[in-house]
Each structure stands twice: as C-alpha cells, then as structure tokens.
Amino acid sequence: MADTALYFMHDDALRYRFNADHPFDQRRLVMTNDLLTRIGALSDDIIVRPATGMADWEAWIRYIHREDYIEAVKRLSEAAPAEEWVARSDQYGLHTEDTPYFTGMHQAASAIVGGSVAACEAVMNGRSVHALHLGGGLHHAFSEKGAGFCVYNDASVAISWLRRHYNARILYIDTDVHHGDGVQWSFYTDPNVFTYSIHETGKFLFPGTGFVNERGAGEGFGACVNVPLEPYTEDESWLHCFEETIGQVARSFRPDIIISQHGCDAHAFDPLSHMHCSMRIYAEMPKMIHRLAHASCEGRWVALGGGGYDIWRVVPRAWSMLWLEMSEHPLKDELVRQPLTPLPEAWIARWSGEAPVPLPSTWLDDVARWAPMPRRSIIEAKNEQVKELALEYVR
Ligand SMILES: [Zn+2]
Ligand SMILES: [Zn+2]
C-alpha cells in the first residue's frame with residue numbers, strides 16, 4: 001500500500017501577488033491543481049486547508065522574523081499605507097523591483113507560513129508520511145528584511161517550529177536554481193539543522209552566495225553544504241552531482257525529517273536563470289529524495305514549492321510530477337517507461353488561450369530535438385570538481 005500523502009493549500013496563498021507584471025505568478029498553482037485533477041491524481045478529500053489562523057501564524061513568524069519587520073509588513077499591507085511606513089519600506093527590503101510591498105501581503109504571506117507548518121505537523125504527528133505544500137518555499141526572506149520575491153520565510157519558520165515542538169533534526173534540501181540563502185543563514189550555527197542547496201553559482205545569479213566554502217559556523221560547522229553549478233549545466237551533470245552529494249549528506253546526518261524545496265527554475269525555459277536542464281530532473285530528483293526519506297527517517301518528508309517562472313511550460317508539469325511521486329500515483333511509473341506520454345488534451349485546451357507560448361504536449365521534454373550544448377565537457381568537469389569540494393567535510 002502506498003504511504004499516505006497529503007496536499008496542503010490555502011486559498012489566500014493565491015493572493016500572494018506583487019503586481020500584474022511581476023514574474024512570481026500564482027496562476028502556476030491553479031494550473032498545477034487543474035492538471036492533477038484532470039488526471040485523477042488530486043481530489044478534495046486529499047487537499048488539506050490549514051485550520052489554524054492569524055494568531056498562530058504570527059506567533060510562529062516571530063520564531064524567525066524581527067518584530068519591527070513584521071510590523072512593517074503589516075503596515076505596508078494596508079490599502080493606503082501611512083507615509084511614515086512607505087518611507088521606511090526601503091530599509092525592510094520591500095521597496096525594490098523584486099519584492100515591492102502590496103496590499104494584503106501580510107495575510108497572504110502568513111497563510112503560506114501556516115501551510116508549511118501544517119504540513120510539518122501532519123508528518124510529525126503521524127497523520128501522513130509525506131506532505132506537499134506548493135505555496136511554500138519562500139527561501140530568500142531574512143529575519144529583518146524581504147528579498148528575492150519572499151516576504152516571510154515559511155521554510156525557516158517551519159524548521160524552527162520543528163526544532164521547538166519536536167526537537168527534531170532537520171535535513172533541508174533546496175533544489176531551486178537560486179541559493180537557499182535565507183534558510184542557510186537562519187540556521188548557520190545550528191548543528192541540528194542541515195541546510196543543503198544545489199543551484200546555479202552565485203558568480204552569475206542572485207543572491208550571489210552559496211559557495212562551497214560556506215559550511216556553517218561554530219557548532220553548526222559541517223551542517224551546511226552548497227553545490228554551486230555552472231551556467232548551462234544539463235540533466236546528466238545536475239542529477240549526478242545531486243545524487244552523490246545528497247546521498248552522502250543524508251547518510252552522514254541521519255535526520256528525523258526531510259524538508260525539500262522545489263523551485264523549478266533550473267529548467268532551460270526559465271527566464272530568470274542560465275541552466276539548461278529539462279523536465280527529466282523534475283521527474284528523477286523527487287524519486288531520489290523519496291528514497292532517502294524512507295532510508296533515513298521512516299519516510300518523514302515535507303516538500304515545498306519555490307521559484308519557477310515559466311508558469312506555462314515548466315511549473316505545472318514539474319510540480320505535478322512531484323505529487324505523482326509522493327502519492328505513488330501509477331502514472332509515475334508509466335513516465336519512466338514512456339517519458340513522452342501526452343498531457344491531457346483538455347488541460348492544454350483550457351490554458352492555451354491565456355498562454356503567450358505554445359503549451360507542451362508531453363510530460364517530459366523531447367530533448368533529442370534540443371541543440372547540443374557547446375562546452376558541455378568543460379561544464380561537467382567544473383561541476384565534478386565542485387561536487388568533490390562540497391563533500392570535503394561530510395563524513
Ligand atoms: Zn513513500
Ligand atoms: Zn529560484
């Protein structure tokens with residue numbers, strides 16, 4: 001029998017929207033839900049809407065975020081924020097092109113925190129073995145400021161919640177193309193929280209950190225691993241570096257629970273990065289994490305969303321495949337045999353009118369039709385070197 005898996009979502013997360021032109025677009029959640037519903041992989045009895053409310057969420061947010069920052073987020077959430085707070089918005093990182101304040105942001109960002117904590121609670125209290133919260137994964141927010149499209153760091157809050165309520169050892173696995181900096185710095189000195197991030201090197205991409213020599217500090221030294229890959233990295237090299245490093249990390253750390261972040265912006269189509277991966281990594285990487293969860297912590301696994309800016313061609317497929325893996329839907333095995341299995345025609349028809357690009361017709365990409373990447377062997381050799389360096393202190 002398949003392990004139980006629950007799908008968390010809060011409708012307020014759909015209101016997390018900076019402005020009409022911003023690349024962070026929650027229609028990706030609606031499209032994912034629609035795709036999963038059409039293939040019969042998601043139904044109302046599996047979807048959990050967190051029962052907690054603002055009082056709990058604010059208490060948890062204080063585990064990570066500074067009081068004056070929370071106050072600023074609240075004030076700037078008002079329809080017509082007071083001039084005094086608008087003047088201070090810059091110091092809190094909320095007056096930038098990336099992360100501008102918006103009406104209702106406190107409610108929307110808090111509901112996202114509530115979803116991620118609820119997913120962790122369900123797994124720790126045994127209600128389900130796996131839990132998915134695609135609204136979460138806002139990994140760039142800091143204690144005292146917003147950054148990189150992130151207002152509250154739901155991943156950090158959820159990890160802190162697990163530390164306080166269960167004294168759990170947490171392995172955080174960040175597969176977003178951007179370094180999971182907010183989570184890393186929140187737990188940099190904590191030996192009970194291992195932060196792992198695989199991403200495009202900060203030499204060329206926001207936030208400009210996540211180098212191999214960031215390994216934690218004080219008692220937390222060694223409980224932080226970064227695998228910064230070269231621009232234009234392709235599937236084979238990405239998967240190889242991921243499997244070898246995360247396997248060794250999980251064996252060495254022996255977590256009580258795995259929390260993974262699934263930004264899917266390392267895909268070649270993503271407009272905000274320079275990686276050249278295909279849908280294949282989003283089919284295979286969840287399988288690896290799933291296996292590790294069963295091998296190292298009795299299956300306890302919470303998966304969160306994250307970045308992903310080709311909302312038409314990449315995010316719905318990637319996040320749906322994550323759920324197929326967690327819920328052990330038979331289609332996941334079918335996709336191993338037949339990667340070019342067609343997507344439901346009704347889903348394509350539903351979204352084609354809105355999409356500015358032709359929607360894909362198959363679950364995985366037909367990479368045989370992609371142009372070969374120049375410098376492939378140089379890129380692979382550099383990644384191999386980084387992989388070895390990243391593991392230097394993992395015993
Ligand atoms: Zn399982
Ligand atoms: Zn990202």
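Order of appearance sets the numbers: ligands from 1, and atoms from 1 within every ligand. Treat the numbers as computed from the prediction; the structure is a model and nothing was measured. Numbers for residues simply follow the sequence, beginning at 1.
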Whether Arg375 engages the ring of Tyr232 as a cation-pi pair (distance to the six-membered ring centre under 6.0 angstrom, angle to the ring normal within 45°) should be assessed.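 No, Arg375 does not lie over the aromatic ring of Tyr232.
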
Ring pair (Phe, Tyr, Trp, His ring centres under 6.0 Å) contacts in which one or both residues fall within residues 371-395, not counting sequence neighbours: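 The answer is Phe221-Tyr393.
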
Pair listing, ring pair (Phe, Tyr, Trp, His ring centres under 6.0 Å) test, anchored in residues 312-346, at least two apart: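 Found Tyr7-Trp323.
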
Output the atom name for the N/O/S atom of Asp176 with the smallest distance to the Zn ion (ligand 2).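 For Asp176, the N/O/S atom sitting closest to the Zn ion (ligand 2) is OD1.
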
Could you check which N/O/S atom of Asp265 is closest to the Zn ion (ligand 2)?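 The nearest such atom is OD2.
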
Check: Val157 main-chain N/O paired with Ser160 side-chain donor or acceptor under 3.5 Å: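 Side chain of Ser160 to backbone of Val157: no pair is present.
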
How about Lys145: does its NZ atom have over 12 heavy atoms from other parts shown lying under 6.0 Å from it?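 No.
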
Of the protein N/O/S atoms, how many lie under 2.8 Å from the Zn ion (ligand 1):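 Near the Zn ion (ligand 1), the number of protein N, O or S atoms below 2.8 Å is 4.
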
Among side-chain atoms of His199 and Thr201, is any donor-acceptor pair under 3.5 angstrom?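 Side chains of His199 and Thr201: no pair found under 3.5 Å.
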
Tell me every residue that passes ring pair (Phe, Tyr, Trp, His ring centres under 6.0 Å) with Tyr152, counting only those two or more places apart in sequence or in another chain.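 For Tyr152, the residues satisfying ring pair (Phe, Tyr, Trp, His ring centres under 6.0 Å) (neighbours in sequence not counted) are His65, His106.
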
Heteroatom N/O/S of His178 within less than 2.8 Å of the Zn ion (ligand 2):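 Looking at His178, which is the residue asked about, there is an N, O or S atom under 2.8 Å from the Zn ion (ligand 2).
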
